[in-house]
2 protein chains.
Amino acid sequence: MKNECLNCACVMKSMQSLKSCQLEQLESNHAVVQFRKGDPIIKQGMFSTNVVFLKSGLVKIHITGPYHEQIVRLAKAPTYLGLPTTIGDKINQYSVTAVQDSEVCFIDLNIFKRVLEENKDFSSHIILELCKSELESYRRCANRTQKQTRGNLADVLLDLSENVFESAEFVLPISQSDIGNLVDASRESVNRLLSELMNDGIIRMEGRKIEILNKSSLQLISQNG
Amino acid sequence: MKNECLNCACVMKSMQSLKSCQLEQLESNHAVVQFRKGDPIIKQGMFSTNVVFLKSGLVKIHITGPYHEQIVRLAKAPTYLGLPTTIGDKINQYSVTAVQDSEVCFIDLNIFKRVLEENKDFSSHIILELCKSELESYRRCANRTQKQTRGNLADVLLDLSENVFESAEFVLPISQSDIGNLVDASRESVNRLLSELMNDGIIRMEGRKIEILNKSSLQLISQNG
DNA sequence: AATATTTTGTGATATGTATCACTTTTTAGA
DNA sequence: TCTAAAAAGTGATACATATCACAAAATATT
């Protein structure tokens, strides 16, 4: 129990810079909670005074758009969740929902802020993380809006395979309608395009189990729409 | 000359927290440069060791997408430019171009970082700014992708009127093809939709001079596509 | 095990926008 | 002031993708 934060610190660069006294501060002011697939972890519009750290699992980050809820991205552990939303104002500006069973650590915001002020390295790391995250969001948006659905779908499959599951074979963690949402397309289009990829022998599908048979083709589609 | 940074500090919340000795540090390590309309201020891919602060003027932030350059947003003074791109790695991750004559202050990155470490309030403000900026980029992306062109165009006009020029009458600072880029539409579509707005008596246009005649209609279009 | 609910699969049709092609107007440069 | 280049205006056509409408399959739920 006592070395939980230490464990996280071994994984996250931003936490490695913490001194043991600071780790203890976090230690005694955090709560680890289990979430089941489908459970909401952060809800947009809700008041929150905790920094949320995803220890294990996979989540979707989604935001209320002008017409419908939109999945911004998937995030896998270990990572902070809702840093910008928590630090900015205390009302969550987006939602986070578990798409796989997840383990989440809630850290008191004031303690977190105090540690942030006490430790320059830590705050540098957090700043760096925020910077990267913003740049990433620019890139993601440029992709979403410029590529057509086929290319974005290929990207999602490649991302799941390469970054999330690190395997050519994996089980889709979200429904086709969620995928549609993630690539700004209708559920039907996603379905049709997946069938197309199957027929072309680029992927194999059995239910939600997917195997990427021809990665280079998929990369080509990602590039050329 | 000597009180230039002080002037900025009067305007920017993040700089108000600076002590006079820290202001002096910035003072002696910055350079103010004038840019003409159309001049590039930050170029994606270039090496940079300066934090860039827009003292006056209006710029467009644009990024290389998979198919073409995309305008992420317009930014008006006073504001930092490319904070995330500069702090993150030193290679600019996006470009900034003046769309009106602008005055820009280049601050040495190391000095900026030192002040960031020395002054907790300052670093808190910067963190806050980065957080807000990331949230804003999520929202912008949700809008871009969910709304159709008519709605996004209405948004641009409203934004220019309300936030940038603070007047119902203003001169478009960018071309129709740039507007198209900003709302993910072709130049032709933008042109047609602008004509439509004119015909419907919602705006008046003479060259690039625009007057919003019916703001509430425009707001309705912004909401309902 | 039976029933309700969600997810998936697929055709037919509608539609917002891109693209092409060309002209006119405006702006910038020599 | 003349000329070249960029920007704006507008029709015709093409196309990716949404939407609608159902059926089949898979998952939850009681």
Side-chain angles (χ1 to χ4, degrees), chain A residues 36-39 60 65-71 97 99-101 144-154 156-157 171-199 203-210 221 224-225, chain B residues 36-39 60 65-71 97-101 143-154 156-157 171-199 203-210 221 224-225:
Chain A
R36 300 281 307 280
K37 181 181 168 170
D39 289 345
K60 60 177 175 183
Y67 295 118
H68 53 81
E69 195 76 5
Q70 178 170 90
I71 301 179
T97 303
V99 296
Q100 286 188 346
D101 292 356
R144 275 177 102 132
T145 53
Q146 285 183 34
K147 285 188 184 179
Q148 52 195 69
T149 309
R150 189 192 312 282
N152 283 324
L153 180 61
V156 169
L157 294 179
V171 176
L172 274 183
I174 53 175
S175 70
Q176 292 183 7
S177 105
D178 266 4
I179 295 177
N181 190 305
L182 185 56
V183 299
D184 303 311
S186 70
R187 180 218 111 218
E188 292 94 327
S189 294
V190 169
N191 186 272
R192 276 184 256 265
L193 289 167
L194 281 173
S195 309
E196 210 176 293
L197 289 175
M198 273 184 74
N199 291 333
I203 62 170
R204 202 166 56 79
M205 259 183 91
E206 265 180 75
R208 283 201 181 173
K209 199 160 75 189
I210 284 199
I221 292 172
N224 305 319
Chain B
R36 301 280 307 280
K37 180 181 168 171
D39 289 345
K60 60 177 175 184
Y67 295 117
H68 52 81
E69 195 77 6
Q70 177 170 92
I71 301 179
T97 303
V99 296
Q100 286 186 345
D101 292 355
N143 275 308
R144 276 178 100 131
T145 53
Q146 284 182 35
K147 286 188 183 178
Q148 51 194 71
T149 309
R150 188 192 314 283
N152 282 323
L153 180 61
V156 169
L157 295 179
V171 176
L172 273 183
I174 54 175
S175 69
Q176 291 183 6
S177 107
D178 266 3
I179 294 177
N181 191 306
L182 185 56
V183 299
D184 303 311
S186 70
R187 179 218 113 218
E188 293 93 327
S189 294
V190 169
N191 185 272
R192 275 184 257 264
L193 289 167
L194 281 173
S195 308
E196 210 175 295
L197 289 175
M198 273 186 73
N199 291 333
I203 61 170
R204 201 165 56 78
M205 259 184 90
E206 264 180 74
R208 283 201 181 176
K209 200 160 73 190
I210 285 198
I221 293 172
N224 304 318

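Sequence lines set the chain letters: A, B, ... in the order given, protein chains first and strands last, and positions in each chain run from 1.
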How many Å lie between [atom1] on [X] and [atom2] on [N], as a whole number?
X	N	atom1	atom2	answer
Met205(A)	dG9(C)	CE	C1'	10 Å
Leu194(A)	dT7(C)	CG	P	16 Å
Leu172(B)	dG9(D)	CG	P	10 Å
Asn199(B)	dT10(D)	CG	P	8 Å
Lys209(B)	dA7(D)	NZ	C1'	18 Å
Ile174(A)	dT8(C)	CD1	C1'	15 Å
Asn152(B)	dA18(C)	CG	C1'	16 Å
Arg187(A)	dA18(D)	CZ	C1'	12 Å

Among [options], the one nearest [X] by side-chain distance:
X	options	value
Glu188(A)	dG9(C), dC20(D), dT19(C)	dC20(D)
Ala185(B)	dT8(C), dA18(C), dG9(D)	dA18(C)
Gln148(A)	dT17(D), dA18(C), dA18(D)	dT17(D)

Taking only side-chain nitrogens and oxygens of [X], does any of them come within less than 4.0 Å of OP1 or OP2 of [N]?
X	N	result
Asn191(A)	dT8(C)	no
Thr149(B)	dT17(C)	yes
Ser177(A)	dT8(C)	no
Ser189(B)	dA18(C)	yes

5' precedence on DNA chain D between Arg192(A) and Gln176(B) (nearest-nucleotide basis):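 Mapping each residue to its closest nucleotide by heavy atoms, the 5'-most match is Gln176(B).
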Could you grab the distance from atom [atom1] of [X] to atom [atom2] of [Y], nearest 0.5 Å is fine?
X	Y	atom1	atom2	value
Asn191(A)	Ile179(A)	CG	CD1	10.0 Å
Thr149(A)	Arg192(A)	OG1	CZ	11.5 Å
Leu153(A)	Leu193(A)	CG	CG	6.0 Å

Touch class at under 4.0 angstrom, heavy-atom based, for Ser175(A) against every strand present: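 Here Ser175(A) touches the backbone only, sparing every base.
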At under 4.0 Å between heavy atoms, what does Asp178(B) touch on the DNA or RNA strands: base, sugar-phosphate, or nothing?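 It contacts nothing in the nucleic acid.
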Taking the side chain as every heavy atom from C-beta outward, state whether Asn181(B) and His68(B) have any pair of such atoms under 4.5 Å apart.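 The answer is yes; the side chains approach within 4.5 Å.
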Give a yes or no answer on whether the side chain of Asp101(A) reaches the backbone of Lys37(A) with a donor-acceptor pair at less than 3.5 Å.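 Present.
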Return the 5'-most residue of the pair Lys37(B), Asp184(B) with respect to DNA chain C, ranking by each residue's nearest nucleotide.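 Whichever sits nearer the 5' end wins; that is Asp184(B).
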